[in-house]
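First the structure, in the form of structure tokens, and then the observations on it.
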Amino acid sequence: MNTPAKLGAYVLGLAVIFGGALGAGSAVGAVSPPPAADGHGAHAGPATPAPATSTTPPTPGGLQVSQNGYTLTPETTTVKPGEATDFRFTVTGPDGRPVTGYQVQHDKKLHFIVVSRDLGSFQHLHPEEAGGGVWSVKLTLPAAGAYRAFADFAPEGGTGLTLGADLHAEGDYTPKALPAAGRTSTVDGYTVTLDGDLSPGASSKLTLKVSKDGKPVTDLQPYLGAYGHLVALRAGDLAYLHVHPDGEPGDGRTAPGPEITFYAEVPSRGDYRLFLDFQHEGTVRTADFTARAGELPTPAATSGPEPTATPSTSGSHGAHNH
């Protein structure tokens, strides 16, 4: 191949690589806006100020190992599948030292969530302080594969944060498909039904009803300051979403079952995994669901040439287009 042909092939290869990367980013969906260059848009053109971004929603929790100067640092590097491991980690603060002061939230200073990357395995753990800002917890990863760990906490004098880090259990594995969306989950003889739908960009009311042997459970026991604790994770990137319970034990209006109500805020359409921890007869159990958030509102039409009078194509914005 002569020199001009080689150069042309090289440039074409770069175009394919960068074009593919841009397409992949568009398919996944932006998690946070890209940084602007000198306050202007990314494309060449007149030096006009970039539009205001004050309405840009914040990045969901758990996607970053470090945020606002705080960093989640695992000290344990090896986890064998099926074996209990003394897993240790620290959260370092803006001064580079392990954080030792935490606010109590939902009855605990720190909540530690571990899920498999395919969202088939879920654990809600409560580590113990080992001294010097080190946290320790007995962790068993059920099988080989990739996992994500979340530390959910609020440092003294600060706001709540959720930091995430990847974990790996050695060995060969094949990720499982995401469970199908549904409204019923069974665990240890209990049936939990889900009422309500996730709406992208809005607060969604979700009501979960617990029954056992066909009878409503009306004597749920408090767990983490509520009659249930719900964790919501976005499939694909495992964004950790804030879910707020409606009411609390002893407030004079919240019944101990059979219904537990939450308000969830999901940032985008797509599939989510919901994990409900509830306590009855002294044991905490977890019911899980796959839920789908519907379409985002159709953006208003921009100014431009009048379209030709042709019929619209149904299904061009299908709910399953991720």
Side-chain angles (χ1 to χ4, degrees), residues 31 57-64 67 103-115 119 121-126 148-154 159-164 178-179 181-185 187 190 192-210 220-249 251 253-279 284-294:
V31 174
T59 300
L63 295 179
Q64 303 177 95
Q67 184 178 355
Q103 302 175 42
V104 175
Q105 294 186 315
H106 302 292
D107 292 345
K108 299 290 182 180
K109 291 183 178 180
L110 185 145
H111 298 263
F112 195 62
I113 308 295
V114 180
V115 298
L119 290 174
S121 169
F122 171 87
Q123 298 181 63
H124 185 164
L125 307 172
H126 296 107
R148 186 73 171 171
F150 302 94
D152 189 348
F153 64 93
T159 58
L161 292 170
T162 303
L163 303 179
L178 194 72
R183 294 188 177 272
T184 303
S185 177
V187 53
Y190 293 82
V192 182
T193 56
L194 170 65
D195 183 35
D197 297 300
L198 296 174
S199 298
S203 179
S204 306
K205 181 180 180 180
L206 303 176
T207 301
L208 296 109
K209 186 175 182 179
V210 184
L220 291 171
Q221 297 166 323
Y223 176 65
L224 301 178
Y227 288 120
H229 189 274
L230 185 66
V231 170
L233 297 167
R234 183 167 60 185
D237 63 358
L238 275 61
Y240 187 101
L241 308 175
H242 292 286
V243 181
H244 310 283
D246 182 24
E248 59 185 24
D251 62 6
R253 66 179 183 87
T254 304
E259 295 182 345
I260 317 169
T261 300
F262 300 89
Y263 289 90
E265 300 175 20
V266 298
S268 64
R269 62 178 178 169
D271 291 328
Y272 293 80
R273 287 285 282 163
L274 309 179
F275 298 94
L276 171 70
D277 291 329
F278 64 95
Q279 184 168 239
V284 177
R285 297 171 175 85
T286 302
D288 61 281
F289 302 84
T290 299
R292 180 163 293 135

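Numbering of residues begins at 1 and proceeds along the displayed sequence.
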- Minimum side-chain heavy-atom gap Thr254-Thr261 below 4.5 Å: no
- side chain to side chain contact (heavy atoms under 4.5 Å, CB included) between Val231 and Asp277, intermediate numbers included: CA-CA 8 Å; Val231 170; Asp277 291 329; 5.7 Å; no
- Closest heavy-atom pair and its distance - Leu119, Phe275: O-CZ, 3.8 Å
- Can you tell me how far the CD atom of Gln105 sits from the CZ atom of Phe153, to the nearest 0.5 Å? 10.0 Å
- Query: Hey, is the main chain of Pro222 close enough, under 3.5 Å, to the side chain of Gln279 for a donor-acceptor pair?
  - Reply: yes
- Query: Any side-chain heavy atom of Leu178 sitting closer than 4.5 Å to one from Arg273?
  - Reply: yes
- salt bridge (Lys or Arg N to Asp or Glu O under 4.0 Å) partner of Asp197, the single match among Lys205, Arg269, Arg183: Arg183
- Measure the spacing between CZ of Phe150 and CG of Leu63 and express it to the nearest 0.5 Å. 7.5 Å
- Query: When rounded to the nearest 0.5 angstrom, what distance separates NE2 in His126 from CG in Leu110?
  - Reply: 8.5 Å
- Query: Do the side chain of Ser199 and the main chain of Ser204 share a donor and acceptor less than 3.5 angstrom apart?
  - Reply: no
- Would you call Leu233 and Tyr240 a side-chain contact if the rule is heavy atoms closer than 4.5 Å? yes
- OG1-CD distance between Thr193 and Glu259, expressed to the nearest 0.5 angstrom: 8.0 Å
- Message: Quick one: does any side-chain atom of Arg234 pair with a main-chain N or O of Pro60 as donor and acceptor, under 3.5 Å?
- Response: no
- Query: Is there side-chain contact between Val266 and Leu241, with heavy atoms separated by less than 4.5 Å?
  - Reply: yes
- Message: Any non-hydrogen side-chain atom of Phe278 less than 4.5 Å from a side-chain atom of Val192?
- Response: yes
- Query: Is the His124 ring parallel, tilted or perpendicular to the Phe122 ring (thresholds 30°, 60°)?
  - Reply: perpendicular
- Message: What I'd like to find out is whether the side chain of Leu274 reaches to under 4.5 Å of the side chain of Leu230, using heavy atoms alone.
- Response: yes
- Query: Can you tell me if Ser185 uses its side chain to pair, donor with acceptor, with the backbone of Asp288 under 3.5 Å?
  - Reply: yes
- Item | Atom of Ala264, atom of Leu198 and distance for their closest heavy-atom approach | CB-CD2, 4.2 Å
- Can Asp237 and Arg148 be counted as an ion pair, charged N to O under 4.0 angstrom? no
- Item | Expected output: side-chain Ser203 to main-chain Tyr263 donor-acceptor under 3.5 Å | no
- Exam field: side chain Asp107 to backbone Gly225, donor-acceptor pair closer than 3.5 Å: yes
- Message: Do Leu276 and Phe262 have side chains that approach each other closer than 4.5 Å (heavy atoms only, starting at C-beta)?
- Response: yes
- Query: When the ring planes of His111 and His229 are compared, do they come out parallel, tilted or perpendicular, using 30° and 60° as the limits?
  - Reply: parallel
